[in-house]
Amino acid sequence: SLIRFQDPASWEALDSALARITSFQHLIFTSANAVERIFERFQNRSALGSLPDRLRIPVGGPRTAEAVARWGYGVHRVAQVFRAEGILAELPDQDVAGREILFPRAQEARELLVEELTRRGARVVVVPVYRTVLVEESREPLKRALGRGGADVATFTAASTVRHFVELLGDCEIPALMRDVKVACLGEVTASEARLRGLRPQIVPARSTLEDLADAIAEHYLSQAPSR
(Lines give C-alpha, C1' and ligand atoms only; values in the text may rest on other atoms or scores of the structure.)
Protein backbone atom coordinates (compact mmCIF):
# COMPACT_ATOMS: atom_id res chain seq x y z
CA SER A 1 0.00 0.00 0.00
CA LEU A 2 1.30 3.46 -0.93
CA ILE A 3 -0.89 5.40 1.48
CA ARG A 4 -2.60 4.94 4.79
CA PHE A 5 -5.46 6.84 6.35
CA GLN A 6 -4.81 8.73 9.56
CA ASP A 7 -6.84 10.98 11.81
CA PRO A 8 -6.98 14.65 10.82
CA ALA A 9 -4.64 17.09 12.51
CA SER A 10 -7.56 18.08 14.75
CA TRP A 11 -11.09 16.83 15.45
CA GLU A 12 -12.17 20.27 16.64
CA ALA A 13 -14.01 21.29 13.46
CA LEU A 14 -15.97 18.04 13.29
CA ASP A 15 -16.85 18.01 16.99
CA SER A 16 -18.05 21.60 16.73
CA ALA A 17 -20.22 20.74 13.73
CA LEU A 18 -21.66 17.62 15.36
CA ALA A 19 -22.59 19.66 18.42
CA ARG A 20 -24.97 21.65 16.22
CA ILE A 21 -25.93 18.94 13.72
CA THR A 22 -29.60 20.01 13.88
CA SER A 23 -28.72 23.31 12.17
CA PHE A 24 -27.65 21.61 8.91
CA GLN A 25 -29.97 20.78 6.03
CA HIS A 26 -27.56 18.59 4.04
CA LEU A 27 -24.78 16.17 4.95
CA ILE A 28 -22.68 15.41 1.86
CA PHE A 29 -20.45 12.35 1.53
CA THR A 30 -18.06 11.75 -1.36
CA SER A 31 -16.29 8.70 0.13
CA ALA A 32 -17.13 5.68 2.25
CA ASN A 33 -14.13 6.45 4.44
CA ALA A 34 -15.67 9.78 5.43
CA VAL A 35 -18.93 7.99 6.24
CA GLU A 36 -17.27 5.57 8.64
CA ARG A 37 -15.32 8.24 10.43
CA ILE A 38 -18.14 10.72 10.93
CA PHE A 39 -20.64 8.12 12.15
CA GLU A 40 -18.12 6.61 14.55
CA ARG A 41 -17.45 10.07 15.93
CA PHE A 42 -21.15 10.93 16.08
CA GLN A 43 -22.00 7.70 17.86
CA ASN A 44 -19.29 8.20 20.48
CA ARG A 45 -19.57 11.95 21.01
CA SER A 46 -23.11 13.11 20.33
CA ALA A 47 -25.88 13.22 22.92
CA LEU A 48 -28.41 12.59 20.13
CA GLY A 49 -29.41 9.01 19.47
CA SER A 50 -29.59 9.52 15.71
CA LEU A 51 -29.23 12.11 13.01
CA PRO A 52 -32.14 14.54 12.57
CA ASP A 53 -34.85 13.14 10.29
CA ARG A 54 -34.87 16.26 8.14
CA LEU A 55 -31.16 16.04 7.37
CA ARG A 56 -30.76 15.12 3.71
CA ILE A 57 -27.78 12.97 2.67
CA PRO A 58 -26.56 13.20 -0.95
CA VAL A 59 -23.64 10.88 -1.75
CA GLY A 60 -21.03 10.49 -4.45
CA GLY A 61 -21.77 6.93 -5.58
CA PRO A 62 -23.30 3.52 -4.72
CA ARG A 63 -20.42 2.37 -2.49
CA THR A 64 -20.80 5.48 -0.38
CA ALA A 65 -24.57 4.91 -0.24
CA GLU A 66 -23.93 1.35 0.99
CA ALA A 67 -21.64 2.68 3.72
CA VAL A 68 -24.39 5.05 4.89
CA ALA A 69 -26.93 2.21 4.85
CA ARG A 70 -24.70 0.10 7.11
CA TRP A 71 -25.19 2.76 9.77
CA GLY A 72 -28.95 2.55 9.38
CA TYR A 73 -29.59 5.66 7.29
CA GLY A 74 -30.97 6.20 3.81
CA VAL A 75 -29.55 8.57 1.24
CA HIS A 76 -31.57 11.12 -0.67
CA ARG A 77 -29.53 11.37 -3.85
CA VAL A 78 -26.81 9.22 -5.42
CA ALA A 79 -24.55 10.88 -7.98
CA GLN A 80 -24.53 9.18 -11.38
CA VAL A 81 -21.08 10.58 -12.11
CA PHE A 82 -18.89 9.51 -9.21
CA ARG A 83 -17.00 12.72 -8.49
CA ALA A 84 -17.76 16.23 -7.25
CA GLU A 85 -19.45 17.19 -10.52
CA GLY A 86 -21.90 14.33 -10.02
CA ILE A 87 -22.99 15.61 -6.62
CA LEU A 88 -23.47 19.09 -8.06
CA ALA A 89 -25.68 17.71 -10.84
CA GLU A 90 -27.93 16.10 -8.21
CA LEU A 91 -28.42 19.31 -6.22
CA PRO A 92 -30.54 21.95 -7.98
CA ASP A 93 -29.89 25.56 -7.03
CA GLN A 94 -33.17 25.82 -5.12
CA ASP A 95 -32.11 22.89 -2.91
CA VAL A 96 -28.93 24.57 -1.70
CA ALA A 97 -29.46 28.35 -1.79
CA GLY A 98 -29.54 29.63 1.78
CA ARG A 99 -28.97 26.15 3.21
CA GLU A 100 -26.21 25.08 5.57
CA ILE A 101 -24.30 22.03 4.36
CA LEU A 102 -21.92 19.84 6.35
CA PHE A 103 -19.18 18.32 4.20
CA PRO A 104 -16.82 15.83 5.92
CA ARG A 105 -13.90 14.92 3.67
CA ALA A 106 -10.18 14.26 3.46
CA GLN A 107 -7.92 16.98 4.82
CA GLU A 108 -6.55 17.38 1.27
CA ALA A 109 -9.19 17.43 -1.48
CA ARG A 110 -10.41 19.32 -4.51
CA GLU A 111 -12.23 22.58 -3.75
CA LEU A 112 -14.63 22.41 -6.73
CA LEU A 113 -17.63 21.16 -4.75
CA VAL A 114 -17.23 23.71 -1.97
CA GLU A 115 -16.65 26.59 -4.35
CA GLU A 116 -19.63 25.78 -6.57
CA LEU A 117 -22.06 25.22 -3.69
CA THR A 118 -20.92 28.49 -2.14
CA ARG A 119 -21.46 30.25 -5.47
CA ARG A 120 -25.01 28.88 -5.49
CA GLY A 121 -25.70 30.49 -2.13
CA ALA A 122 -25.04 27.62 0.29
CA ARG A 123 -23.09 27.91 3.52
CA VAL A 124 -20.68 24.99 3.40
CA VAL A 125 -18.94 23.81 6.55
CA VAL A 126 -15.93 21.68 5.58
CA VAL A 127 -14.61 19.35 8.26
CA PRO A 128 -11.53 17.14 7.74
CA VAL A 129 -12.18 13.62 9.03
CA TYR A 130 -9.06 11.87 7.72
CA ARG A 131 -5.83 12.51 5.87
CA THR A 132 -3.78 10.35 3.54
CA VAL A 133 -0.10 9.92 4.33
CA LEU A 134 2.74 8.34 2.44
CA VAL A 135 3.87 4.86 3.46
CA GLU A 136 7.63 5.40 3.29
CA GLU A 137 8.46 1.72 3.81
CA SER A 138 6.81 0.95 0.45
CA ARG A 139 9.48 2.85 -1.50
CA GLU A 140 12.14 0.15 -1.94
CA PRO A 141 9.74 -2.81 -2.45
CA LEU A 142 7.92 -0.77 -5.09
CA LYS A 143 11.12 0.13 -6.92
CA ARG A 144 12.31 -3.49 -6.83
CA ALA A 145 9.01 -4.81 -8.17
CA LEU A 146 8.93 -2.35 -11.06
CA GLY A 147 12.65 -2.69 -11.74
CA ARG A 148 12.44 -6.44 -12.31
CA GLY A 149 9.36 -6.18 -14.49
CA GLY A 150 7.08 -7.54 -11.82
CA ALA A 151 4.04 -5.46 -12.76
CA ASP A 152 1.90 -5.32 -15.88
CA VAL A 153 -0.57 -2.72 -14.61
CA ALA A 154 -0.41 0.03 -12.01
CA THR A 155 -3.86 0.90 -10.69
CA PHE A 156 -4.67 4.25 -9.13
CA THR A 157 -7.96 4.78 -7.30
CA ALA A 158 -7.55 8.43 -6.29
CA ALA A 159 -5.50 11.47 -7.20
CA SER A 160 -3.71 11.20 -3.85
CA THR A 161 -2.40 7.73 -4.73
CA VAL A 162 -0.93 9.16 -7.94
CA ARG A 163 0.80 11.98 -6.05
CA HIS A 164 2.24 9.62 -3.45
CA PHE A 165 3.34 7.12 -6.10
CA VAL A 166 5.31 9.78 -7.94
CA GLU A 167 6.73 11.10 -4.67
CA LEU A 168 7.90 7.61 -3.70
CA LEU A 169 9.60 6.88 -7.02
CA GLY A 170 10.81 10.35 -7.95
CA ASP A 171 10.24 12.14 -11.24
CA CYS A 172 13.57 11.01 -12.67
CA GLU A 173 12.90 7.30 -12.18
CA ILE A 174 9.30 7.20 -13.38
CA PRO A 175 9.98 6.97 -17.15
CA ALA A 176 12.31 3.95 -16.89
CA LEU A 177 10.39 2.10 -14.20
CA MET A 178 6.99 2.61 -15.84
CA ARG A 179 8.08 2.09 -19.44
CA ASP A 180 6.33 -1.29 -19.85
CA VAL A 181 3.61 -0.83 -17.23
CA LYS A 182 0.03 0.04 -18.17
CA VAL A 183 -1.66 2.71 -16.09
CA ALA A 184 -5.28 2.18 -15.00
CA CYS A 185 -7.13 5.00 -13.25
CA LEU A 186 -10.42 5.08 -11.38
CA GLY A 187 -12.14 8.05 -12.93
CA GLU A 188 -11.17 11.07 -14.94
CA VAL A 189 -10.03 13.11 -11.93
CA THR A 190 -7.44 10.46 -11.09
CA ALA A 191 -6.47 10.13 -14.76
CA SER A 192 -5.97 13.90 -15.04
CA GLU A 193 -3.69 13.86 -12.02
CA ALA A 194 -1.73 10.98 -13.57
CA ARG A 195 -1.22 12.92 -16.80
CA LEU A 196 -0.18 15.98 -14.84
CA ARG A 197 2.46 13.84 -13.08
CA GLY A 198 3.90 12.43 -16.29
CA LEU A 199 2.03 9.11 -16.44
CA ARG A 200 -0.01 7.92 -19.41
CA PRO A 201 -3.35 6.37 -18.42
CA GLN A 202 -4.41 3.73 -20.93
CA ILE A 203 -7.33 2.33 -18.96
CA VAL A 204 -10.04 4.60 -17.51
CA PRO A 205 -13.53 3.11 -17.02
CA ALA A 206 -16.57 5.20 -17.80
CA ARG A 207 -17.92 4.66 -14.28
CA SER A 208 -15.76 5.20 -11.22
CA THR A 209 -16.31 1.93 -9.36
CA LEU A 210 -13.76 -0.76 -8.52
CA GLU A 211 -15.85 -3.30 -10.41
CA ASP A 212 -15.77 -1.17 -13.54
CA LEU A 213 -12.04 -0.64 -13.16
CA ALA A 214 -11.46 -4.41 -12.93
CA ASP A 215 -13.71 -4.99 -15.96
CA ALA A 216 -11.89 -2.30 -17.95
CA ILE A 217 -8.51 -3.90 -17.20
CA ALA A 218 -9.80 -7.31 -18.26
CA GLU A 219 -11.35 -5.89 -21.42
CA HIS A 220 -8.12 -4.09 -22.28
CA TYR A 221 -6.11 -7.32 -22.19
CA LEU A 222 -8.79 -9.34 -23.93
CA SER A 223 -8.75 -6.83 -26.77
CA GLN A 224 -4.97 -7.24 -27.05
CA ALA A 225 -5.11 -11.04 -27.17
CA PRO A 226 -4.46 -12.59 -30.60
CA SER A 227 -7.62 -13.94 -32.21
CA ARG A 228 -7.82 -17.67 -32.88
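It should be emphasised that the depicted structure is a prediction, and the values quoted were computed from it without experimental measurement.
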Residues, nucleotides or ligands: over 12 heavy atoms within 6.0 Å of Glu66 CD: yes

Neighbour count above 12 (heavy atom, 6.0 Å) for Arg195 CZ: yes

Option among Lys182, His220, Gln202 that satisfies the side-chain contact (heavy atoms from CB on, under 4.5 Å) test with Val153: Lys182

Backbone of Ala13 reached by a side-chain donor or acceptor of Ser16 within 3.5 Å: no

Atom pair CZ/CD1 of Arg77 and Ile28 - distance to nearest 0.5 Å: 11.0 Å

Spacing of Ile217 atom CD1 and Asp152 atom CG [to the nearest 0.5 Å]: 10.5 Å

Ring geometry between Phe5 and Tyr130 (parallel below 30°, tilted from 30 to 60°, perpendicular above 60°): perpendicular

Spacing of SG belonging to Cys185 relative to CZ belonging to Arg200, to within rounding of 0.5 Å: 12.5 Å

Plane angle bin for Tyr73 and Phe39 - parallel if under 30°, tilted between 30 and 60°, otherwise perpendicular: parallel

Separation of Leu117 CG from Ile101 CD1 (nearest 0.5 Å): 4.5 Å

Value rounded to 0.5 Å, distance of OG1 in Thr209 from CG in Asp215: 7.5 Å

Cationic N near anionic O, under 4.0 Å, Glu193 to Arg197: yes

Given Arg139, Arg179, Lys143, the one that forms salt bridge (Lys or Arg N to Asp or Glu O under 4.0 Å) with Glu173: Lys143

Charged N-O contact under 4.0 Å between Glu116 and Arg120: yes

Inter-residue atom distance Arg56.CZ - His76.NE2, 0.5 Å rounding: 4.5 Å

Student check: side-chain heavy atoms of Leu55 and Leu102 closer than 4.5 Å: no

